[in-house]
Student: 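Can you read through this structure? Questions will come right after.
Convention: sequence-line order gives letters A, B, ...; per-chain numbering from 1. Keep in mind the model is a prediction, meaning the values are calculated, not measured.
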There are 2 protein chains.
Amino acid sequence: MQTEHTPKSTPAISRGRGIDRVLDLLSFLHTHGRPIRIGDLVKSLNAPRSSTYEIVKTLTDAALLETTSDGKLFFGKALYFYGTDYLREHDLVRKGRDEVDRLALATGETSQFCMLHDNKYTVVHMRAGARPFGISSDIGTQVPLPWTASGRLLLSHLSAAEIRSQVSGNDLALPNGKEIDLEEFVGAVEEARRQGFCITSGLVDAYTHCLAAPVLDEESKAIATLCFVIPVDTSQKRILELRDILVESGRALSLSAPARQANLA
Amino acid sequence: MQTEHTPKSTPAISRGRGIDRVLDLLSFLHTHGRPIRIGDLVKSLNAPRSSTYEIVKTLTDAALLETTSDGKLFFGKALYFYGTDYLREHDLVRKGRDEVDRLALATGETSQFCMLHDNKYTVVHMRAGARPFGISSDIGTQVPLPWTASGRLLLSHLSAAEIRSQVSGNDLALPNGKEIDLEEFVGAVEEARRQGFCITSGLVDAYTHCLAAPVLDEESKAIATLCFVIPVDTSQKRILELRDILVESGRALSLSAPARQANLA
DNA sequence: CGAGATAGTCCGGTATACTGGACATAAGTA
DNA sequence: TACTTATGTCCAGTATACCGGACTATCTCG
């Protein structure tokens, strides 16, 4: 499941395929998030200079990249068009976006639509709530799965063993320095599946709850999640209210009825 | 200015760079506009089969492509993220989109934000008007420059000679079979620049006017346009009213004052 | 002015990516 | 059954894409 073109252990510089260089370039540009000078790019990618120039030229001609006014590089128009095409053809994501916008408007809470990408929790769409609260993560932001409620749902179709192998050691270390216990996490995933929703508190930061509901595919596997990011001081009553709204929205987007016996235990 | 990786005259199949194959693939997928089977892809691209399989695998692993439920290929999540990144960093396009949405809402008319791409008029964003009228072109749609009012504005920084060389013979043939006279077109471009807006009638189809205003960069060159697509039977008064709104919006997005003596002649 | 970064071009040798073709399935169809 | 059409894998030879390194040209800073 590792992406093959980014050898983790060997940042070594070897003769490489042009394609792989391109993929690395784009991927780096995404995590970097801002325009970058070509020299820095060469250093960051640890790629041969002349090849990089060549590739950048090719990509720029094809409008996959653009040069900003101050000579830096970033994504170009073609990628915008391709992204739009993706959205047009991809019902689920399109509906998910609409639902997020609707939820944020209706509840005033910061809402997100998330999917698994690169084996990470990834924000596909988000809309900030009414009160400007904290820093809401941008679209495309990736976070280790154990840090989020959605992460627990997105893994909930896997067996305990599979979960253990998916979560690399690093991912269990929270931003606040604490470490999540692996077995506890496996249990939480299990519980999330049984309940059909998940709530976590103070994981990514100390001041928020994370409240998530799954979107299921035909086989009742969570292919995406909807979630609210809400202040810790939210009342229990309000939390439950939001949870019900979220679960309902998730069900509406799902391709199958939950099939789980939702409220048994 | 031709994209180098698509030799027009030689659809020949020769040993090619992987990168170029990828660019061709993406570009084709965009114009195709729908998921496609890999076999058809091979035929359409006239590319070696084994290489295509290899490339598709690589791109799929990197999430640039995705396989649909019925085994067809289309753009993947990564491209959606890259497109979002583009939008986030690209002020002009972001503002242009907002303005289009605003205009469509305020006037009820179908509105578009357009730019030059691949030497074609390209719809960067659009929003359908209040009355569902005709077929509004999707985002990413490309049309020969002479067919549109925007096209005249987007070329208006060029000399007559440059314009002649930009417009290839094919582009002058309208969908209705008629042919635009090249010199007439050059004149229209000139006039569009002088006036700071442009109106065309019955070009792409017989039932619409196309009304466009430029967005200028620091050197007063049109880098984009805003436009309305309106029914032929719109009253003259209404047209002028919409024109003023559009010109004003274009000015607001511009990086320079029009600098042209707008209403001289 | 010299020293040190940075952007960008150019070129020849060679490691290897790309390709054609063979092969294995499976589905449709006549 | 036999024939066609599609997807997909694998392999070895060679055309060539990629890389290292040399070279220019700016720019900045001391």
Student: List in numerical order all residues of residues 63-78 of chain A for which some heavy atom is under 4.0 Å away from an atom belonging to DNA chain D.
Tutor: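 Nucleic-acid contacts, sorted: none.
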
Student: Using whole Å, report how far CZ of B:Arg17 lies from C1' of D:dA15.
Tutor: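 Rounding to the nearest Å, CZ of B:Arg17 and C1' of D:dA15 are 15 Å apart.
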
Student: Quick check: on DNA chain C, is the nucleotide nearest A:Arg49 upstream (toward 5') of the one nearest B:Glu54, or the reverse? Name the residue that is more 5'.
Tutor: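 By nearest-heavy-atom nucleotide position, the 5'-most residue is A:Arg49.
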
Student: Between A:Lys57 and C:dT9, does any side-chain N or O lie under 4.0 Å from OP1 or OP2?
Tutor: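 Checking A:Lys57 against C:dT9: no side-chain N or O falls below 4.0 Å of OP1 or OP2.
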
Student: Which sits closer to the 5' end of DNA chain D, B:Ser50 or B:Gly39, going by the nucleotide each is nearest to?
Tutor: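 Its nearest nucleotide lies further toward 5', so the answer is B:Gly39.
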
Student: Calculate the interatomic distance between B:Arg21 atom CZ and D:dT16 atom C1'; express it in whole Å.
Tutor: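 So the CZ-C1' distance, B:Arg21 to D:dT16, works out to 13 Å.
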
Student: Verify whether one side chain among A:His157 and A:Glu219 offers a donor that lies under 3.5 Å from an acceptor in the other.
Tutor: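 The answer is no; no qualifying pair exists.
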
Student: Ring-plane angle category for A:Phe75 and B:Tyr82, please: parallel below 30°, perpendicular beyond 60°, tilted otherwise.
Tutor: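 Answer is parallel, since the angle falls under 30°.
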
Student: Just the rounded figure in Å: distance from P of C:dA7 to CD1 of A:Ile36.
Tutor: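 After rounding, the gap between these two atoms is 10 Å.
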
Student: Within the 4.0 Å heavy-atom criterion, would you say B:Ile38 contacts the bases, only the backbone, or no part of the nucleic acid?
Tutor: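 Sugar-phosphate only.
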
Student: Taking five pairs at each end of the helix from C:dC1-D:dG30 to C:dA30-D:dT1, what angle separates the two helix axes (nearest 10°)?
Tutor: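 About 30°, once rounded to a multiple of 10°.
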
Student: Tell me yes or no: between the side chains of B:Gln112 and B:Tyr121, is some donor less than 3.5 Å from an acceptor?
Tutor: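 B:Tyr121 and B:Gln112 do have a side-chain donor-acceptor pair below 3.5 Å.
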
Student: Taking the six-membered ring for Trp, are the ring centroids of A:Phe81 and B:His117 within less than 6.0 Å of each other?
Tutor: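 Centroid distance A:Phe81-B:His117: below 6.0 Å, so yes.
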
Student: Counting side-chain heavy atoms from C-beta on, which of D:dC18, D:dA6, C:dT9 comes nearest to A:Tyr53?
Tutor: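 For the A:Tyr53 side chain, the nearest candidate turns out to be C:dT9.
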
Student: Within this structure, what is the CD1-to-P distance between A:Ile55 and C:dA17, rounded to whole angstrom?
Tutor: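 For the pair A:Ile55 CD1 and C:dA17 P, the rounded distance is 13 Å.
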
